[in-house]
Amino acid sequence: MSDRILTMSRAGREALDWEMERRPEIFCMGEDVFKFGGIFGTMDGFGAKYGPERVISTPISETGFIGMAVGAAMAGMHPVVDLAYIDFIGVCYNVLLNTASKTHYMSGGAVKVPMTLLIGTGGGYNNAAQHSQCLHATVAHIPGAKVVYPSNAYDAKGMLHTALRDENFVIFLTHKGTAGVGWMGTPIRTTLSEVPIEPYTVPFGKVRICRAGTDVTITGLGMSVHEALKAADALEKDGISAEVVDLRSLSPLDRDGILESVAKTGRLVVTDEDYLSFGVSGEVIATVVERDLSALRKPPIRVTTPDIPIPFSRPLEQAILPLAGRIAEAARRLMA
Amino acid sequence: MSDRILTMSRAGREALDWEMERRPEIFCMGEDVFKFGGIFGTMDGFGAKYGPERVISTPISETGFIGMAVGAAMAGMHPVVDLAYIDFIGVCYNVLLNTASKTHYMSGGAVKVPMTLLIGTGGGYNNAAQHSQCLHATVAHIPGAKVVYPSNAYDAKGMLHTALRDENFVIFLTHKGTAGVGWMGTPIRTTLSEVPIEPYTVPFGKVRICRAGTDVTITGLGMSVHEALKAADALEKDGISAEVVDLRSLSPLDRDGILESVAKTGRLVVTDEDYLSFGVSGEVIATVVERDLSALRKPPIRVTTPDIPIPFSRPLEQAILPLAGRIAEAARRLMA
Amino acid sequence: MSELTDELRRGFWEVMTLSRAFDDAMIALYWEGKLPIFQFGAGPLPGELHCSNGAEPVGAGVCAALSPDDMITADHRPHHVAVARGVDLNRMAAELLGKKPGLSQGKGGHMHIYDPAVNFASSGIIAEGLGPAAGMALARRLQKRPGVAVAFIGEGAANQGAFHEVCNMVGLWKLPVIVVVQDNEWGVSTAKSESTAVERNADRASAYAMAGEWVGTNDPDDIYLAAVRAVARARAGEGGTILELKTARLTGHFMGDQQAYIPEQMKQVDPLPLYRAKLIRDGVMTAEEADAIEARAKERMARAMQFAKDAPYPDPREAFDHVFAGEAA
Amino acid sequence: MSELTDELRRGFWEVMTLSRAFDDAMIALYWEGKLPIFQFGAGPLPGELHCSNGAEPVGAGVCAALSPDDMITADHRPHHVAVARGVDLNRMAAELLGKKPGLSQGKGGHMHIYDPAVNFASSGIIAEGLGPAAGMALARRLQKRPGVAVAFIGEGAANQGAFHEVCNMVGLWKLPVIVVVQDNEWGVSTAKSESTAVERNADRASAYAMAGEWVGTNDPDDIYLAAVRAVARARAGEGGTILELKTARLTGHFMGDQQAYIPEQMKQVDPLPLYRAKLIRDGVMTAEEADAIEARAKERMARAMQFAKDAPYPDPREAFDHVFAGEAA
Ligand SMILES: Cc1ncc(C[n+]2csc(CCOP(=O)(O)OP(=O)(O)O)c2C)c(N)n1
Ligand SMILES: Cc1ncc(C[n+]2csc(CCOP(=O)(O)OP(=O)(O)O)c2C)c(N)n1
Ligand SMILES: [Mg+2]
Ligand SMILES: [Mg+2]
């Protein structure tokens, strides 16, 4: 069957639809999911197709309904919960930190919590400090939660199939800017991919080499993958060959995959739209040097959002985002 | 005036008492603080001394009362809030993440939120997965919050004075095992220090060299400082000179101070009782190598709690804690 | 203060028309750069924009019952309250455009309106303002200064845990706090009946030893009188009130919301023409006076918008200021 | 099932004495290694220990009204509910001691009791079990299987936001959920009157379109009958109940709590001797029979304790198992 070019939104929707058609234990929950189909349209039209029993719009009670999802999972269902923006984790963080992620372990394996939590991340569209955060490091720091983060349509579909078949609590992140939903404008070219109609899985814990290169490794995730790809285009014109590594999965993290690329290039730029400190960027660097200190020929460079709340005003926000220009500039410094 | 050897608990109490006597804007809030004086006795006897207006026992409503503290701070008070265990941040995380830490920035500096949040961290006493976490990386990842973490009585008093005079939201962490409160047993020798009776401040953002050494740098914070010191004692017998660096402050983080020690020793063991990934340990390593890749002669080693929920059973918990034995063993590997 | 004088009522009209002028001007600007392809991040007014059209009576009626000492927290839909409270209009407009003279020097945007000069704050996480409002009231009690705190939330926010925690402490400690539940029937696409187990949040007051009042008219006169009663109770040390006000959300959840989910029988009524007709009927003002007041409001807003448009953007380096107090400019 | 038969009442006595035997045995063991210097982490039973002495009527009465299909979540003080529900006694004892045959293979400890065989779960964050209980009820509805879910919380937990959020959804969706509020008058050192704006949480039910019932006797007969009514409503599709039960906390918040804060007039009464006397008075059992039942309970507990003591600890390497399902043993 011929493949189609899809947005992440449509690709993810296809995976969820396929699984829901076949597996009665899957149901959807979240604010406005019945009428609006979820923040990224992952459940678009599901209200009409599956009815209000399986596509449940909730009150604005995140601790309550995500807590309910955990209980439903314990009782044999597989809830798919939409939390809209990751900025809202603050009102329900206990459910993620202490309930969904730890029940399996605390029960010595006696109880399972198969559930998928869809969350949107990121800024870049002037939505200010409380609606633009990434915070993926905050959720990835939770033991017992799997955290994945596709950056393109092919991975979105395959990783969502994987998540829906996983017996664990999976936090499924999508950067708002990558999803290809209307309100974020036209989709970014590099998020679109050929997506097979048939279901397929993409395994968790494997980086994806988006673009092969020999001079410098640029790691990214979510939106920063696309900024890295833009930077790589620019670098190519300067004769610099950048390898762009999409982490795709934070828990588990493909540490070997990261090292493999850096061992080849000897130079590392770590990009991340999350805050700089105590996050992904430090972890990637530590992963490399604790395994092979000689892999790096130059000190690695981090290009991230600094440790400041996201400002509203466009020139301020643009100044702090880890955009392609800053990434390319870092790579050039490493080549100098 | 002659100095006394105090526990962290008594030293912290002295600072708070001194400031409260003089500054009517300071008041205390938290569960059971009126009768019990706070999780670490920081407010011990304050109920009787200052009365229920200034020492307010609250319902079990953390979002509510920490949110109230933010409002009180915005209105000119300096609340000192006791959250007991950091495991409970999940039910009030939004107040930390989006309210207390971001209001100053989001108001363009027009509004200040001077408040001090006291939180206990850590395990080692078989209190299982929901009462033994450190999670200091989770709060340190929040921009706009200062996060400090004394490990001994001298610093506890001096840093609490500093916190109480700071105009910002300060998260003041204490590892339960270091505080010297009864229910955690006899105090650890290295947490006790001579504490001047007079008030003094210890600045944020400066590491403290607890023990000078030349062969290997061991960084730690909270409890892991004391495990590192124990390890250093053992290493000394093997003829290995370990320098123990107490980070003391996560936001701001004394990156120069870390590098200075590593530049001298050329070897780095990073200890941390928080979970391994996306936390402090990666940040410390990244800080070193992004500044000076040649500072390290050997790959750094992390000795942390692994990415698993804390098990209850003693042999299980002991197996996963970053104890002195594991630290010393790591240092020996670096010297081999 | 508690009488419905003609002057007061003309004031309501003035405040409501100014608020409407503010929103209408912002809506017009919002679409610049966003057509034909809609995109939050484009144009001179980027980001989400939650307008208050239809809710003006709430801001006008409640704020008129307050004194300068009193304190307000509002939510993601703050304009009508801010305008009624007397937040600096020029600087608020400039803030929405992300300009340097904005209230937050461009760092906040429309959900984060802070004007300490009139004790006004707002923020964007649902129910987030409740705790701070109660804490402001507590602070005043400790400082032995007068002051009632008012938290403005939506009916959707009343199902968030913070509502329960804060109301319980308000009742327990008899704090002078008024929780204004603005029932515009919708939380995004979710009708109140789809989100709330009971018909009225005001009835929940009994769960907190608070007073509960409900006003179903979206008329500033009625809202004002109910607010005056709530304020009087608060000042008298009788504690807090859950004041639920039926109101309207005429322009959707945010700009871009087509509201296709609203059934015909739930279409909402614009309170402004109704109130205008009422005041004319009551002889409080003539049609000409009403129009003049409205025209002045529009002019004032036009000037504010001009101020905002003419103002410079902050320098990109300023992004790094104000992370901590006492450090950078 | 809803009649108070003699057999049922003897069963209450049996369950209550077994629960008491469990706690008393654990308390005795708890102090081993913790004297003269008290320390949470020392001895064969380390960590915090929250005992149920005084709350046995709640477990006995409510659980007798449930069927095996029904589901339970309990809190940090779970023993009385677990024993009444029929959680495997040997494996629960072993779990408290951190042993390999424990319900959670030693990973959970006393606050984290999971026994899927009898649909029982508990955890240690206040009010954390409410959402899961409601979700279990929702799951059964979706699965078209019968089942009422019961969340056991303390009166202190009723002021946590989760209470509000979950009760609202239970009322909104008419879920078969019973929220059992165990009012033992204290949350740690804080009296109910110091934490709760209203006298009874059962009265808060009207804020959620739930039924509210209050039982003030700490007597399993009364508790049972109220629970039967709540279960009947739930099974009939009439929705949830907030069932508030006055009970007692005889051994402090946790072991080590001296309870010096409890004034003389608030000293609590042990429900066991009262119920024993009542059953004898009612001719349900003789004193000898009562003693025999109690003796059997103690014996059974002694065997469970022996099982737990004899059992091996898990191998340290097992700490790394069970982080994720489908990966390690
Ligand atoms: C904790 C949280 N959850 C979800 C959102 C997203 N959100 C923003 S406004 C809104 C609807 C609010 O409804 P209501 O309180 O009735 O206010 P209205 O928009 O009707 O004025 C939602 C769900 C949020 N900002 N914060
Ligand atoms: C969210 C949260 N806050 C605080 C605590 C600490 N804590 C444990 S039990 C308890 C008191 C609970 O009181 P109540 O609900 O009445 O139950 P009881 O102990 O009386 O059985 C507190 C405050 C916690 N575990 N979780
Ligand atoms: Mg609304
Ligand atoms: Mg209690």
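Naming: A, B, ... by sequence-line order, numbering from 1 per chain. It should be emphasised that the depicted structure is a prediction, and the values quoted were computed from it without experimental measurement.
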- Choice from B/D292, B/V284, B/D274 maximising heavy atom contacts with chain A below 4.5 Å: B/D274
- Task: Could you check which of B/R291, B/Q133, B/K298 has the highest count of heavy-atom pairs closer than 4.5 Å to chain A?
- Result: B/Q133
- Nearest heavy-atom pair of A/P299 and B/V289: which atoms, and what distance? CB-O, 3.3 Å
- Task: State, with a plain yes or no, whether a side-chain heavy atom of B/L97 is found less than 4.5 Å away from one of A/L135.
- Result: yes
- Task: For chain A, find its close neighbours in residues 329-336 of chain B: heavy-atom separation under 4.5 Å, sorted by number, or none.
- Result: none
- Most heavy-atom pairs under 4.5 Å with chain B, out of A/N94, A/L296, A/V270, belong to A/N94
- Message: Taking atom CD as the centre, does B/E260 end up with more than 12 heavy-atom neighbours from other residues, nucleotides or ligands that are less than 6.0 angstrom away?
- Response: no
- Note on the structure: If you tally heavy-atom pairs under 4.5 Å between each of B/F312, B/F88, B/F278 and chain A, the highest tally belongs to B/F278
- Query: Under a 4.5 Å heavy-atom cutoff, which of A/S281, A/G282, A/G144, A/A128 has the most pairs with chain B?
  - Reply: A/G282
- Ranking A/L253, A/L268, A/L276, A/T138 by heavy-atom pairs under 4.5 Å to chain B gives rank one to A/T138
- Task: Heavy-atom distances under 4.5 Å only: say whether A/T63 touches chain B with side chain, backbone, both or neither.
- Result: neither
- Proximity breakdown for B/Y105 and chain A, heavy-atom pairs closer than 4.5 Å: side chain
- Message: Could you report the tightest heavy-atom contact between B/E283 and A/S277, atom names first, then the distance?
- Response: OE1-CA, 3.4 Å
- For chain B, which of A/G279, A/S294, A/C92, A/A137 has the most heavy-atom pairs under 4.5 Å? A/G279
- Message: For B/L250, which atoms come within 4.5 Å of any heavy atom of chain A: side chain, backbone, both, or neither?
- Response: both
- Backbone N/O of B/N98 and side chain of A/Q130: donor-acceptor pair under 3.5 Å: yes
- Item | Residue-level interface, residues 301-311 of chain B with chain A, non-hydrogen cut-off under 4.5 Å | B/R302, B/D307, B/I308, B/P309, B/I310, B/P311
